[in-house]
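Take a look at the structure set out below.
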Amino acid sequence: MLNSLRNILQEVNAASDFDALLEIIVHRVKAVMGTGICSVYLLDVKNDAYVLAATDGLLPAAVGKVSMSRDQGLVGLVAHKAEPLNLEHAETHPRFAYFPETGEEKFSAFLGSPIIHHRTVLGVLVVQQQQRRRFDESEEAFLITIAAQLAGIIAHAEATGELARALSPGLEPDNASGEVHYSGLASAPGIGIGVGVVVAPAADLHAVPKRRTQDIDGELAQFRDALDSTIRDLKTVHQDLSDKLNPEEIALFDVYVSMLNDNSLGGEVSERIKTGLSAQYAWSRVIIEHIRTFSAMENPYLRERATDVRDLGRRVLGYLQQQQHEEKHYPKNTILIGEELAAPNLADVPFENIRAMVSAKGSYNSHMAILGRAMGIPTIMGAIDLPWAELDGCELIIDAHQGLIINSPTGQHLEAYEKVYKEESDFAADLEATKDEASITLDGQHISLWVNTGLRIDSMLSLDRGAEGVGLYRTEIPFLMRERFPSEEEQRQLYREQLDMFSPHPVTMRTLDIGGDKALPYFPIEEENPFLGWRGIRVTLDHPEIFLVQLRAMMRASIDLNNLRILLPMISNTEELDSALVLIKRVYRELTLEEGYRFDMPAIGAMIEVPAAVYQIGEIAKRVDFISVGTNDLTQYLLAVDRNNPRVAELYHSFHPSLLKALRIILDDAKKYRCPVSVCGELAGDPLGAILLVGMGYEFLSMSSANLLRVKAILRQLTLSEMSHFAEQACLLTDSFAIESYLKDVLDRPEIARLIRPTTSPSLN
Ligand code: PEP
Ligand code: MG
């Protein structure tokens, strides 16, 4: 049976479409188990019933016609109880129901297994037999295994719309509304409405025939021309984006250009052409080999470089094939779509025409997502089920708040989203009025609202929105955009720009926080459990040469400005803190006493983001000038929920009572030592989170600049005593959902509710 299982799965994987796949399942399972009937019933969500979707043994005409709700028939019972049902004598069971349209003969033996995906019973897989028999344990296990495999496939079919078609055979999309939904990872918030423009180079690297040439010089010249044209394209992008991105982001384009030169891909291909191969073939071979090498790499950043190589490969091949380089039209409402969107795809698109971006591959941490966030373009990454190649010219809605892509929306949904889009724009414009207002509660208590930065564009927006300082400058972001560690002088200039921009306001620079999900391309860290591994301060203490250079660059950058604060990430014990402080003091001494620079010793802080640190606030507070709570990591470590794993995303809840308790302990203990404490995790920028934190007594909140005006506007509507009361009550509740709904209920007043939820994605029926 094990072999049969493997074979069935192989056949299933090779199936041409969903219907064919279901057919394979019913035929093969029936044959392997030697039964009279095998059928698959699938959940029709609209009617909340399980519909016969494929069968071998019942009348084919019954497919799509016979359906059972959870309280009907044995199939309904399997779905209702979400467990297998194995009956020797099915017709005597009280739930037995006979459906004449199936042509079903009297049968005795019944074995049904639920098909479950993420706790939802998506269907039921059934085998039946005329003779009375009891299916044995191994047969039951076999059916359960097939059903479990089927679950993922059905979930995929649901996302692509194939499931709806299988449930309503003969019903073409034209007869229905035609609207189809897909999902992906919400990677840069916002709504984009427009027309899909697929950026897929026509050139297919795998379809280049092997051809030899006599005219080596001619091929070399052609190749040179193709490279020059590609370099020209890249340089145009470079120029177009130069005022919107910082030097690190722009440097990516330089990397692409350098990949084409004679010391890199260009040279390698020329050598092969000289052996008599055609330019096209030589080029495609070299590119395919490089793609394979990069794709096989463990390190996610290096793996992503395969995308860049592939994109460059297709571009050059396109020129080589001398396809007419027709002017692609990018309408004013372009939704940029690609299988693997990458920076060079922005080459020909006027920036102001891009309404949203969608990539079938990639993730929240891909460069494209980073660029999307930096440029304020709603972006969805990792839309794995998206038939991206078919979306050119399609009317689309991109709801990047929830990672939803709607193809061919109904007029009703389009109207609903246009309304939300307009509300978002109006809301943002209204909030601008709060820009110059003081950040005070209704009863006059000042709350410091700071920003989290990393990209130059963040900083520019932050200044525009009246930030009082930078609570977290994530120094690893500029490191991530490079191909090697930046030198001391390069870092000094980068930090100087940041300190200068915000001067005289304080700027809190966190020392390099790599590891976890942030791997530098040139310093790979490969671990089984990266979040519990070599991360943050653990890495930099083990590499003082990196740490000391960064500290020197930060301190030198602060000369004459004196607005630098240094923050240490991932502190989990006092020894780490003491070691870091020794190095910081050493750098200060060297710069001032030995090298003659004059500047104030920066304030030093520790991040509280590991549960162990929560219970050592006293010891930590004695050693530093301030502490900053990183609720993003504190939530993941306290709840044992990986912050990047979509499977457990529903368990990642920053209103968890344990987190609130931890936040109280941190504040109370820090106060005992008169140590200023701020919060710089996402919770601080969440409207309900901010109310809770201020209610608890936190006076410094640091957030993404996108949330700053909204949080300020809310705090101006509430008194401190009101917020304290809410926080006290919330802390008495026992689960995250109760806490969140309590806060929503008590804040359900029109002037505040609008600020808490300025826009809600329309509910789509
Ligand atoms: C945090 O962990 O809350 C934090 C602010 O740091 P990061 O999100 O960069 O890990
Ligand atoms: Mg953190």
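Just so you know, ligand 1 is whichever comes first in the structure, and atom 1 is the first atom listed for that ligand. Remember, it's a predicted structure, so these values are computed and weren't measured experimentally.
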Do the non-hydrogen side-chain atoms of V677 and I617 ever get within less than 4.5 Å of each other?
no
Heavy-atom contact check, 4.0 Å cutoff: does [X] meet ligand 1?
{"X": "M570", "result": "no"}
{"X": "R643", "result": "yes"}
{"X": "Q636", "result": "no"}

Within 6.0 angstrom of [X] [atom1], more than 12 heavy atoms from elsewhere:
{"X": "R664", "atom1": "CZ", "answer": "yes"}
{"X": "Y522", "atom1": "OH", "answer": "yes"}
{"X": "K661", "atom1": "NZ", "answer": "no"}

For [Y], is there an ion pair with [X] - N to carboxylate O distance below 4.0 angstrom?
{"X": "D513", "Y": "R474", "answer": "no"}
{"X": "D669", "Y": "K672", "answer": "yes"}
{"X": "R492", "Y": "E488", "answer": "no"}

Which residue and atom name correspond to the protein heavy atom nearest atom 6 (O) of ligand 1, and how close is it?
R510 NH1, 3.0 Å
Mind checking whether [X] contacts ligand 1 via backbone (N, CA, C, O), side chain (CB onward), both or neither, at a 4.0 Å heavy-atom cut-off?
{"X": "R535", "answer": "side chain"}
{"X": "L634", "answer": "neither"}
{"X": "E682", "answer": "neither"}

Out of all atoms in ligand 1, which are within 4.0 Å of some heavy atom of [X]? Include the element for each.
{"X": "D633", "result": "1 (C), 2 (O), 3 (O), 10 (O)"}
{"X": "E609", "result": "1 (C), 2 (O)"}
{"X": "L472", "result": "5 (C)"}
{"X": "C680", "result": "5 (C)"}
{"X": "G681", "result": "3 (O), 5 (C)"}

The N/O/S atom of E609 lying closest to the Mg ion (ligand 2) is OE1
Nearest to the Mg ion (ligand 2) - the N/O/S atom of D633, by atom name:
OD2
Would you check whether E476 has a nitrogen or oxygen atom less than 3.5 angstrom from a nitrogen or oxygen atom of ligand 1?
no
Which one of L683, L659, V614, L663 satisfies the side-chain contact (heavy atoms from CB on, under 4.5 Å) criterion with V629?
L663
Look at the side chain of E527 and the backbone N and O of W534, then say whether any donor-acceptor pair between them is shorter than 3.5 Å.
yes
Pair E682, S654: side-chain N/O donor-acceptor within cut-off below 3.5 Å:
no
